[in-house]
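Keep in mind that the numbers below use all heavy atoms, side chains included, and drop hydrogens, waters and symmetry copies. What you see is a predicted model; the values in this text were computed from it and never measured.
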Amino acid sequence: MTILAEIERAQDGALLARLAKAMDLSPIDARLALSAFCPAIARQLEARVTGDARAYDNLAALLDDGTGGDLLANSDALLGAETAEDGNAILADLYGACDAAVRAMREMAPRLPEMALLRLAAIAAALVLDAMVRNHARLSLAGAMPAASGGGLIGTILSSIVRGAVQGAMRQLAPRR
């Protein structure tokens, strides 16, 4: 399932409508923007963390607010200031600066009002990283036993887990044809 499909199904279909309303957009415009932003952010994320577990850990720590909340289940958290801050920090890390990220997003959604673009880009970044972290957690649980074998194999296995998590997130985020 793609992240966009997860967003559309979240909260019995009400999350996308709530996101659109909060951005003063139609649900169609919000969906189109997210369908452009999420795969682009996922590609940046993949490039950033491939072969660098520390980068993954640093990015994942941005979402760890201690609440253990699911962004898709809690629209108040998703639309909150903390998610915007986290999303902007993710974008700054992935694109080198938040301004560079905004320019990239602007090319994908040139008609989007500025405030909606800024908020949706930050939310998309948080959702993409959240999907990757959730996928990584599933893979880590599945691969926990082989990783305990030690030696240089641990690094290889961790790298494979991160690569698999990124690829899984990319598959989730890619638009369906």
Side-chain angles (χ1 to χ4, degrees), residues 1-50 56 59-60 62-63 69-138 163-177:
M1 176 182 313
T2 67
I3 190 69
L4 195 55
E6 287 184 41
I7 292 168
E8 289 174 328
R9 289 182 39 180
Q11 300 174 19
D12 295 325
L15 180 62
L16 185 59
R18 185 151 186 216
L19 269 174
K21 184 177 178 181
M23 308 299 151
D24 200 25
L25 297 172
S26 72
I28 293 170
D29 287 340
R31 185 184 189 288
L32 287 172
L34 288 171
S35 69
F37 295 169
C38 289
I41 292 168
R43 284 188 296 275
Q44 289 292 117
L45 186 59
E46 178 182 26
R48 179 75 173 96
V49 302
T50 298
Y56 171 79
L59 284 164
L62 291 173
L63 290 180
D70 178 359
L71 290 178
L72 291 174
N74 186 346
S75 53
D76 290 333
L78 183 62
L79 294 169
E82 185 172 335
T83 299
E85 289 173 18
D86 293 348
N88 286 326
I90 294 163
L91 290 171
D93 188 276
L94 297 179
Y95 287 86
C98 211
D99 291 343
V102 170
R103 282 191 300 275
M105 300 301 136
R106 171 64 55 213
E107 290 177 15
M108 290 179 248
R111 297 180 320 148
L112 213 57
E114 190 68 18
M115 288 307 296
L117 181 131
L118 295 173
R119 290 184 69 196
L120 273 179
I123 288 170
L127 285 170
V128 169
L129 184 57
D130 183 59
M132 182 180 173
V133 168
R134 282 185 280 126
N135 192 32
H136 181 257
R138 285 190 293 264
R163 188 172 24 265
V166 169
Q167 290 170 349
M170 289 295 291
R171 281 191 299 274
Q172 284 185 335
L173 299 170
R176 296 198 185 256
R177 298 189 192 276

4.5 Å side-chain heavy-atom contact, V102 and M105: no

Atom pair OH/CD1 of Y95 and I90 - distance to nearest 0.5 Å: 12.0 Å

Expected output: side-chain T83 to main-chain A77 donor-acceptor under 3.5 Å: yes

Sub-4.5 Å side-chain heavy-atom contact between L127 and E6: no

Residues which pass side chain to side chain donor-acceptor pair (under 3.5 Å) with R106, listed by chain and number, not counting sequence neighbours: E114

Note, L94 side chain near L59 side chain (heavy atom, < 4.5 Å): yes

Side chain to side chain donor-acceptor pair (under 3.5 Å) partners of N88, counting only residues at least two apart: none

Closest contact, heavy atoms only, L117 versus L112: CA-CD2, 3.7 Å

Counterpart residues, side chain to side chain donor-acceptor pair (under 3.5 Å), relative to E8 (two or more places apart): R31

Nearest-0.5 Å distance, CZ of residue R9 to CG of residue L72: 10.5 Å

Pairwise side-chain contact, L34 with L16, heavy-atom cut-off 4.5 Å (strictly under): yes

Exercise: identify the closest heavy-atom pair between L120 and A30: CD1-CA, 4.3 Å

Minimum side-chain heavy-atom gap I41-L91 below 4.5 Å: yes

Heavy-atom pair with the smallest gap, counting every atom of A116 and L25: CB-CD1, 3.9 Å

Note, M23 side chain near D29 side chain (heavy atom, < 4.5 Å): no

Partner residues of D24 under the side chain to side chain contact (heavy atoms under 4.5 Å, CB included) criterion, sequence neighbours left out: none

From CZ (R48) to CG (L45), nearest 0.5 Å: 9.5 Å

Pairs flagged by salt bridge (Lys or Arg N to Asp or Glu O under 4.0 Å) wherever residues 95-105 is involved - sequence neighbours left out: none

Side chain to side chain contact (heavy atoms under 4.5 Å, CB included) involving A36 - partner list, sequence neighbours excluded: M108

D76: partners by side chain to side chain contact (heavy atoms under 4.5 Å, CB included), with sequence neighbours left out: R18, N74

Sequence-distant partners of A60, side chain to side chain contact (heavy atoms under 4.5 Å, CB included), two or more places apart: Y56, V133

Value rounded to 0.5 Å, distance of CG in L71 from CG in L79: 10.0 Å

Spacing of I123 atom CD1 and I7 atom CD1 [to the nearest 0.5 Å]: 9.0 Å

Pairing residues for E107 by the side chain to side chain donor-acceptor pair (under 3.5 Å) criterion, not counting sequence neighbours: none

Interatomic distance, I28 atom CD1 to S35 atom OG [nearest 0.5 angstrom]: 11.5 Å

Over all atoms of both residues, closest heavy-atom pair of A124 and C38: CB-SG, 4.0 Å

